[in-house]
Student: 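Would you mind keeping the following structure in view while I ask a few things?
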2 protein chains.
Amino acid sequence: MKNYRIGIFGLGTVATGVAKILKEQSHIYAEKFAVSFEIVQVVVHNLDKKRDPKTSGLTISDDPKTILDNPDIDIVIELVGGKTAAKTIIEKSLKAKKHVITANKDLIASQGRKLSRLASENHVGLFYEAAVAGGIPILRALSTSLASDDIEQINGIINGTSNFILSQMRQKQMSYHDALTLAQEKGFAEADPTNDVDGIDAAYKLQILADFAFGKQINQKDIQMGGIRTITQTDLQDVAELGYEIKLLANATIIANKLALSVEPTLVPKDHPLASVQNENNAVFVTGKYAGGLMFYGPGAGEFPTANSVVADLLSLVNSGDRPAVFNSHPDSEVSLAGPKDRIASRYIVLTVTNRPGAMHKLSAFFLMSNINFRNIRQYDPIGETTRVVIITYPASDAQLNPVKTTIKQARGVKIIHEFKLLIEPKGGQRD
Amino acid sequence: MKNYRIGIFGLGTVATGVAKILKEQSHIYAEKFAVSFEIVQVVVHNLDKKRDPKTSGLTISDDPKTILDNPDIDIVIELVGGKTAAKTIIEKSLKAKKHVITANKDLIASQGRKLSRLASENHVGLFYEAAVAGGIPILRALSTSLASDDIEQINGIINGTSNFILSQMRQKQMSYHDALTLAQEKGFAEADPTNDVDGIDAAYKLQILADFAFGKQINQKDIQMGGIRTITQTDLQDVAELGYEIKLLANATIIANKLALSVEPTLVPKDHPLASVQNENNAVFVTGKYAGGLMFYGPGAGEFPTANSVVADLLSLVNSGDRPAVFNSHPDSEVSLAGPKDRIASRYIVLTVTNRPGAMHKLSAFFLMSNINFRNIRQYDPIGETTRVVIITYPASDAQLNPVKTTIKQARGVKIIHEFKLLIEPKGGQRD
């Protein structure tokens, strides 16, 4: 029986969950893997904060050195979040030859590859399954079961708050505002929901997913971003009639050997597995050249689901034998990022047009200019002086569409309300 | 760079897929894991069979000794299927200290635990991800990411043929017979579809899943079995009106600390993720005490998805360091099997009743005898002399229901057409 000594930074929900699981399941570690875990030290920012009574047996201090300078601690679990303090903790721990497990998506999103190198140089592991999609074991799947595959595409519902809002709007015919208020009441959304509803939180997770799938550290500025604030009940009903659901998707797609990244409202065919992911649940759909289309579904947050991912990392770490464990098995890749010509997709475009003869003739001329073909057009009865026009196009690139959008912006009597992409459905697993 | 030498038994679809992936992806193994793989020998039953031209570079013989007695071969991939010959191959390989990878569900279902012990005694690995749900990495997830969790329930759509038939019946209002014929035309179903439509194939896979999740080698006779042959268009429409879909589910559920196993048509609420799994796709929904409800979705068969699972096993094996790799991390468990009193679920019961006064009064007396409460009753307009009655009950055990069924069998003017369970929805991930 090998005993591992653990130091934990932070004692919020997830850390409390980790402490409970380690206590309740200790017989499992002994039976399955002949190991035991001991939390020897917890470091918190504020010693006076009220704690879950179940954590009462823990040794708590507010001095990071009680972990970092303790040579008996083998493994550090970083659960304070944020970028600055966490970065120092992780760097110092790795340099002190301690393994590190973290759930810190913000930091790993931009520093994952660099910190993994630091871990590797110090012959220790850096694991962070909990940083993406809470309880869903997607990173380990990409790093092990899909290690030999060529990933072609990842599409994820990886922000529970925005998915909850869109689900409630759809199920209960609520407005965006009412659904947001409900999410805030339930504790799913913060007072300022920006990070969730504008796609920033999902973008952090997409950066990490893209690193595992494509071997590239992504900058958030290279992700095309769109949020859900302007989506209305009318939009949801329009797309439902056309056979789609609107989901805030994080997308990483290889198109013509280039990598296109976005977080944006995306039309998903209603029979696609992502369309049925409801409320605060998350799901990541991965398409591999060999494995085909796989979906990993589950809770994207929560005390125990997230804590379970941290504990799974702990077990991976201690079971990885004598060589330094590598969490992200994808080597650095030279894949280049897609430009406007490469970003090809069918589009869902909603416009308002002044209600007069020739309006559609004028509108269609704008799209003809870029040789964009319509697959579906609906013009609705006018409300006041304007009429709503909904168009689905055949696949067209940003390079084709951008001048159309610019022209329409300058034109009178026509306005673009939305321009969303349709989910690209790759062929995966069909190769010969 | 470490080179591994491989011998493959069988050269059907999956073996051909493995050979292609190993060839196409060799740069990946070198870059990611500093390993290379070489297929030094293939053994087939019939040397004269026509082969995929892409396998032309392989050394093929019909003598098992060319692999088993070759001391240079480190890893054996068994893809001949069946129980007898495969068992000999696997046992001899393990005793010769060769790692073994197989996709053989029939054999592993009954011998998995025994063969794994043999592997362990010989300090080699025995891996078989491809044996359950083809391309879906469910066994590795149970063995790693969920290793610390207490699994409460597994519900799987793990037979693509029967799911294809039910999906086509539902989508296209086809009869069972027409949908089966379509499945046979598409190559999803065999001329004799018994193994698929009566749940036998799914039961093999459930045996393996249960071993990973609950640490118990299950006998197929301990699985309650039901098939889809008698399901009609009327049934699918009845349950749809009530808010359900009928799926052939493989179920392993802990009820009152006992394990209940079944493969049977099960009513799944239409907003449950399993309800939206269409056609030949598979999905396994796992509920853990800590992780909550996770679903793993993807192709349950096919050349490349299944071959990808074999190759993933290969990578796990060579990456497991210096200790013998263990695929199924669950130790032997003492969990006992559920009896009739433990098998508690809500029931969907379809009956025909002779159309006369007092019929419902008599019918309801039978259920009152066992104190079974109705949640939902529908009696339809009579056809000829009989009328169709559809009942959904509150949770009741087999022990309660069995005497009712016996009594009805002996009674005049009433007949049970179907008795299916409703999916049990556990609380998973909600603990404190």
Side-chain angles (χ1 to χ4, degrees), chain A residues 17 20-22 24-25 28-29 31-33 54 129 135-137 140-141 144-150 271 273 275-278 281 283 285 288-299 302-305 307-309 311-312 314-316 319-323 329-331 429-432, chain B residues 17 20-22 24-25 28-29 31-33 54 129 135-137 140-141 144-150 271 273 275-278 281 283 285 288-299 302-305 307-309 311-312 314-316 319-323 329-331 429-432:
Chain A
K20 287 182 198 168
I21 296 179
L22 289 185
E24 290 174 19
Q25 299 293 86
I28 299 285
Y29 316 130
E31 275 179 50
K32 285 192 179 175
F33 307 111
K54 291 207 177 164
E129 179 68 81
I136 305 175
R140 185 163 291 102
T144 61
S145 296
L146 295 166
S148 169
D149 209 339
D150 269 348
D271 60 354
S276 62
V277 176
Q278 297 298 325
N281 288 298
F285 199 97
K289 179 176 170 184
Y290 301 110
L294 299 173
M295 189 172 86
F296 301 81
Y297 164 98
E303 174 179 5
F304 284 117
N308 186 68
S309 288
V311 174
L314 205 50
L315 293 175
S316 282
N319 285 318
S320 60
D322 57 343
R323 47 175 125 176
S329 66
H330 208 303
Q430 304 296 318
R431 288 305 186 290
D432 202 297
Chain B
K20 287 182 197 167
I21 296 179
L22 289 184
E24 289 175 20
Q25 298 292 86
I28 299 285
Y29 316 129
E31 275 180 50
K32 284 192 180 176
F33 307 111
K54 290 207 178 164
E129 179 68 82
I136 305 176
R140 185 163 291 104
T144 61
S145 297
L146 295 166
S148 172
D149 209 339
D150 270 348
D271 59 355
S276 61
V277 176
Q278 297 299 324
N281 288 298
F285 199 97
K289 180 177 171 185
Y290 301 109
L294 299 174
M295 189 172 86
F296 302 80
Y297 164 99
E303 175 178 5
F304 284 117
N308 186 67
S309 287
V311 174
L314 205 52
L315 293 175
S316 282
N319 285 318
S320 60
D322 56 345
R323 47 176 126 176
S329 66
H330 208 303
Q430 305 295 315
R431 290 302 186 292
D432 202 296

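Values below: every heavy atom of this structure, side chains too, minus hydrogens, waters and symmetry copies. Being a predicted model, the structure only gives us computed values, none of them experimental. Order of the sequence lines fixes the chain letters, A, B, ..., with proteins taken first and strands second; residue numbering starts at 1 for each chain.
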Student: Quick check for you: among A/Gly298, A/Ser145, A/Ala141, which has the greatest number of heavy-atom pairs under 4.5 Å with chain B?
Tutor: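 Highest number of pairs under 4.5 Å: A/Ser145.
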Student: Locate the shortest heavy-atom distance separating A/Pro299 from B/Gly293; write the atom from each residue and the value.
Tutor: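 Closest pair (atom of A/Pro299, atom of B/Gly293, distance): CD-O, 3.4 Å.
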Student: Counting heavy-atom pairs under 4.5 Å with chain B, which one of A/Ser329, A/Pro331, A/Ala312 comes out on top?
Tutor: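 Result: the option with the highest number of such pairs is A/Ser329.
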Student: Looking at A/Ala147, A/Gly135, A/Gly17, which makes the most heavy-atom pairs under 4.5 Å with chain B?
Tutor: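 Sorted descending by pairs with chain B, the first entry is A/Ala147.
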Student: Of all of B/Asn308, B/Val311, B/Leu315, B/Val277, which one pairs up most often with chain A through heavy atoms under 4.5 Å apart?
Tutor: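 Maximum pair count with chain A is reached by B/Asn308.
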Student: Among B/Gly302, B/Ala283, B/Pro273, B/Ser309, which residue forms the greatest number of heavy-atom pairs with chain A at distances under 4.5 Å?
Tutor: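 Result: the option with the highest number of such pairs is B/Pro273.
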Student: Which pair of non-hydrogen atoms, one from B/Ser148 and one from A/Ile28, has the smallest distance, and what is that distance?
Tutor: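 So the two residues come closest at CA-CG2, 4.3 Å.
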Student: For chain A, which of B/Asp271, B/Leu294, B/Thr144 has the most heavy-atom pairs under 4.5 Å?
Tutor: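 Ranked by contacts with chain A, first place is B/Leu294.
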Student: Measure across A/Gln25 and B/Asp149 and return the closest heavy-atom pair with its distance rounded to 0.1 Å.
Tutor: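 In terms of heavy atoms, the two residues are closest at NE2-C, 3.8 Å.
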Student: Heavy atoms only: give me the nearest B/Glu24-A/Lys289 pair and the separation to one decimal.
Tutor: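 Heavy atoms only, the tightest pair is OE1-NZ, 3.5 Å.
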Student: What part of A/Asp150 gets closer than 4.5 Å to chain B, counting heavy atoms only: side chain, backbone, both or neither?
Tutor: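 Its backbone and side chain both get close to chain B.
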Student: With a 4.5 Å cut-off on side-chain heavy atoms, are A/Lys20 and B/Tyr290 touching?
Tutor: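 Not in contact.
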Student: Looking at B/Ile21, B/Leu146, B/Asn281, which has the largest count of heavy-atom pairs under 4.5 Å with chain A?
Tutor: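 Ranked by heavy-atom pairs under 4.5 Å with chain A, first place is B/Ile21.
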Student: Tell me whether the rings of A/Phe285 and B/Tyr297 are parallel (<30°), tilted (30 to 60°) or perpendicular (>60°).
Tutor: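 If you compare the ring of A/Phe285 with that of B/Tyr297, the planes turn out tilted.
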